[in-house]
Amino acid sequence: IAPAPQPMSAAAEAPTLASIKPIVAQRCVMCHNAQIANKQIRLDSDADLIAHSQLIYQQVLVTRAMPMNNSTGMLEEERLALGRWAKSAQAK
């Protein structure tokens with residue numbers, strides 16, 4: 001069982017949408033785009049990312065279910081960055 005995500009410290013500012021987009025493009029969009037949209041989830045636009053920020057947090061950081069079987073080789077620091085971004089997006 002993975003350790004529970006730690007709260008964001010004041011020193012660790014949340015990444016910007018622009019800074020997480022390359023991670024999403026490399027690790028998520030191949031299965032969540034206009035052509036495929038697995039589970040009817042698209043992550044190929046800013047609006048989609050923001051709309052699904054809570055789901056991203058749950059699936060990438062909390063349950064670690066995505067990417068499925070970590071098929072795209074997502075790194076721990078990428079998970080943490082997406083989690084910090086998603087939490088900050090939800091707060092807005």
Side-chain angles (χ1 to χ4, degrees):
I1 295 177
Q6 297 300 310
M8 182 174 36
S9 72
E13 288 191 32
T16 63
L17 179 59
S19 71
I20 61 107
K21 284 173 69 173
I23 299 169
V24 173
Q26 183 177 12
R27 308 294 187 194
C28 312
V29 170
M30 69 273 311
C31 294
H32 298 287
N33 59 61
Q35 291 75 35
I36 298 174
N38 281 340
K39 304 279 185 177
Q40 288 71 52
I41 303 291
R42 287 183 57 184
L43 300 175
D44 54 344
S45 75
D46 292 0
D48 289 324
L49 287 169
I50 293 166
H52 295 298
S53 62
Q54 183 175 0
L55 188 59
I56 291 168
Y57 182 81
Q58 283 294 321
Q59 294 294 311
V60 171
L61 191 64
V62 176
T63 67
R64 298 173 169 269
M66 290 289 127
M68 188 173 287
N69 299 319
N70 200 20
S71 60
T72 61
M74 183 176 281
L75 304 173
E76 184 62 20
E77 53 267 22
E78 293 171 326
R79 285 185 189 282
L80 294 173
L82 284 171
R84 288 195 321 271
W85 169 80
K87 270 306 213 193
S88 72
Q90 292 170 45
K92 292 181 182 177

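Since this is a predicted model, take the numbers as computed values, not measurements.
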- Task: Starting from the C-alpha separation in whole Å, work towards a yes-or-no answer on side chain to side chain contact (heavy atoms under 4.5 Å, CB included) for L82 and V24.
- Result: CA-CA 8 Å; L82 284 171; V24 173; 3.8 Å; yes
For a quick test of reading the model, state the closest non-hydrogen atom pair linking [X] to [Y] and the distance between them.
| X | Y | answer |
| --- | --- | --- |
| V60 | M74 | CG1-SD, 3.7 Å |
| W85 | I56 | CZ3-CD1, 4.1 Å |
| I20 | P15 | CG2-CB, 3.8 Å |
| G83 | Y57 | O-CD1, 3.5 Å |
| S53 | A86 | O-CB, 3.2 Å |
| V29 | L43 | CG2-O, 3.6 Å |

Once rounded to the nearest 0.5 Å, what's the spacing between atom [atom1] of [X] and atom [atom2] of [Y]?
| X | Y | atom1 | atom2 | answer |
| --- | --- | --- | --- | --- |
| L49 | C28 | CG | SG | 8.0 Å |
| L61 | K87 | CG | NZ | 9.5 Å |
| Q58 | M66 | CD | CE | 13.0 Å |
| M30 | S71 | CE | OG | 7.5 Å |

Please check if the side chain of [X] supplies one atom and the backbone of [Y] the other of a donor-acceptor pair under 3.5 Å.
| X | Y | answer |
| --- | --- | --- |
| R42 | A37 | no |
| H32 | D44 | no |
| N33 | Q35 | yes |

- Item | CD (Q54) with more than 12 external heavy atoms under 6.0 Å | no
- Item | Neighbour count >12 (heavy atoms, 6.0 Å) for atom CG, D46 | yes
- Task: Could you tell me whether R64 and E76 make a salt bridge, using a distance below 4.0 angstrom between a side-chain N and a carboxylate O?
- Result: yes
- Qualifying residues under side-chain contact (heavy atoms from CB on, under 4.5 Å), relative to A25, sequence neighbours excluded: none
- Item | Cluster link I41 to I23, ILVMFWY, side chain under 4.5 Å | yes
- Does one hydrophobic cluster hold both L55 and I50, with members joined at side-chain heavy-atom distances below 4.5 Å? yes
- Query: Does any non-hydrogen side-chain atom of N70 lie less than 4.5 Å from one of R79?
  - Reply: yes
- Query: So, do R27 and L75 sit near enough that their side-chain heavy atoms are less than 4.5 Å apart?
  - Reply: yes
